[in-house]
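All residue numbers in this chain count up from 1 along the given sequence. Only this structure's heavy atoms are used, side chains among them; waters, hydrogens and symmetry mates stay out.
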Amino acid sequence: VFVEILKAKGTLKEEIREGIFSSIKSILSVNQSLLVHLQNGYIGKGLEQFCSHLHHYNTYVDNIYNANKVLGIQLKKNKAFRRFKKLQEARPQFHNQKLEDLLQLPVQRINQYKYFLQDLAANTSPDNPEFEQFSNGLFSFP
């Protein structure tokens with residue numbers, strides 16, 4: 001929501017948007033693909049494909065310090081962005097969370113995915129056709 005509206009309104013230059021949001025659009029795309037696989041019952045295939053795109057999360061995590069720094073600078077310098085941020089944060093889907101908190105979610109989520117996959121592998125019989133996909137996916141995580 002933030003990225004697309006910021007892009008459409010031109011509130012922030014592209015390099016500043018990239019500095020704050022990094023690979024978030026790629027992460028969204030990977031998660032949407034995973035969701036489709038899960039909804040269709042292809043858990044192993046979905047997780048295997050998801051794990052092959054973890055580099056988007058690595059890029060995001062590597063940039064999070066810079067993202068917070070750029071965000072702080074923009075909040076001090078850019079009145080239009082401050083107003084925009086406040087308006088977007090008021091949206092019901094954000095449950096009163098600040099952009100600073102929302103930016104941390106992919107960092108937190110990657111660990112949740114890792115533990116979820118560990119639990120799946122530990123509780124899946126080696127005879128199950130998806131066992132190998134779950135186990136192989138674990139090697140993709142740092």
Side-chain angles (χ1 to χ4, degrees), residues 1-76 78 80-142:
V1 171
F2 280 89
V3 177
E4 292 304 315
I5 296 173
L6 280 169
K7 185 177 179 180
K9 287 184 168 266
T11 306
L12 293 177
K13 294 179 182 175
E14 183 178 354
E15 63 271 9
I16 295 171
R17 283 193 322 268
E18 290 292 320
I20 295 171
F21 298 101
S22 180
S23 59
I24 198 69
K25 288 173 85 174
S26 298
I27 289 172
L28 174 63
S29 176
V30 168
N31 279 275
Q32 287 171 330
S33 177
L34 174 61
L35 177 61
V36 169
H37 281 92
L38 295 176
Q39 288 172 330
N40 291 319
Y42 302 117
I43 298 170
K45 183 178 180 180
L47 287 170
E48 185 176 51
Q49 184 181 40
F50 173 83
C51 289
S52 71
H53 295 284
L54 285 176
H55 60 277
H56 296 301
Y57 276 92
N58 291 337
T59 301
Y60 189 86
V61 169
D62 289 346
N63 185 64
I64 198 67
Y65 174 79
N66 182 62
N68 287 318
K69 186 177 169 184
V70 172
L71 178 61
I73 290 168
Q74 290 306 306
L75 290 172
K76 287 179 185 172
N78 190 330
F81 178 65
R82 277 194 310 271
R83 220 175 18 247
F84 168 82
K85 177 183 173 286
K86 189 172 184 171
L87 263 171
Q88 299 312 309
E89 290 171 344
R91 289 174 174 254
Q93 69 257 41
F94 297 130
H95 307 286
N96 295 318
Q97 290 183 309
K98 302 290 183 208
L99 177 57
E100 294 86 336
D101 301 325
L102 296 169
L103 288 173
Q104 295 299 319
L105 292 178
V107 177
Q108 296 165 359
R109 199 160 287 138
I110 196 64
N111 284 326
Q112 292 169 337
Y113 280 130
K114 180 180 180 180
Y115 295 129
F116 173 69
L117 197 51
Q118 285 174 339
D119 287 346
L120 267 175
N123 292 293
T124 301
S125 167
D127 299 334
N128 186 308
E130 294 184 314
F131 176 78
E132 189 174 331
Q133 292 169 320
F134 298 155
S135 299
N136 289 341
L138 282 171
F139 295 112
S140 303
F141 283 88

Above 12 or not: heavy atoms from other molecules or residues under 6.0 Å from CD of E14?
no
What residues form a ring-ring contact (aromatic ring centres under 6.0 Å, His included) with F94, not counting sequence neighbours?
F2
For C51 and L117, which heavy atoms make the closest approach, and how far apart are they?
SG-CD2, 3.8 Å
If we check side chain to side chain contact (heavy atoms under 4.5 Å, CB included) with Q32, which of these qualifies: L34, L28, V30, L35?
L28
Just jot down the ring-ring contact (aromatic ring centres under 6.0 Å, His included) partners of Y57, sequence neighbours excluded, or say none.
F50
What closest approach, in Å, do K45 and Q133 show between heavy atoms, and which atom pair accounts for it?
N-OE1, 3.5 Å
Is a donor on one side and an acceptor on the other found under 3.5 Å between the side chain of S33 and the backbone of S29?
no
Is the side chain of N40 donor-acceptor paired with the backbone N or O of V36 at a distance under 3.5 Å, no angle test?
yes
Scanning both residues in full, the closest heavy-atom pair of S125 with F131 reads O-CB, 3.4 Å
Would you check if L6 and I16 make a side-chain contact, meaning some heavy-atom pair closer than 4.5 Å?
no
Yes or no on side chain to side chain contact (heavy atoms under 4.5 Å, CB included) for F81 and L71, after CA distance, side-chain angles and deciding distance?
CA-CA 10 Å; F81 178 65; L71 178 61; 3.5 Å; yes
Measuring from atom CG of L102 to atom NE2 of H95, what distance do you get when rounded to the nearest 0.5 angstrom?
10.0 Å
Holding to side-chain hydrogen bond (donor to acceptor under 3.5 Å, both in side chains), I want the full list of residues that pass it with E89, two or more places apart in sequence or in another chain.
K85
Answer yes or no: is there a side-chain heavy-atom contact under 4.5 Å between L99 and Q88?
no
For the pair L120 and F116, evaluate side chain to side chain contact (heavy atoms under 4.5 Å, CB included) and give the outcome as yes or no after the intermediate values.
CA-CA 6 Å; L120 267 175; F116 173 69; 3.4 Å; yes
N128 side-chain N/O to E130 backbone N/O, donor-acceptor pair under 3.5 Å:
yes
Could you grab the distance from atom CD of E48 to atom CZ of F134, nearest 0.5 Å is fine?
10.5 Å
How far apart are the closest heavy atoms of G19 and N63, and which atoms are they?
O-ND2, 3.0 Å
Within the distance-only criterion (no hydrogens, no angle test), does the side chain of Y60 pair as donor or acceptor with the backbone N or O of L103 below 3.5 angstrom?
yes
Would you say that L75 contacts E100 through its side chain, given a criterion of any heavy-atom pair below 4.5 Å between the two side chains?
yes
Going by the angle between their ring planes, with limits at 30° and 60°, are H56 and H53 parallel, tilted or perpendicular?
parallel
Whether the side chain of N78 engages the backbone of Q74 through a donor-acceptor N/O pair (distance < 3.5 Å, no angle test) should be reported.
no
How far does OG of S22 sit from CZ of R17, to the nearest 0.5 angstrom?
13.5 Å
Enter the distance from I27:CD1 to L105:CG here, rounded to the nearest 0.5 Å.
11.0 Å
Interatomic spacing from CG in N58 to CD1 in I110 - rounded to 0.5 Å:
7.5 Å
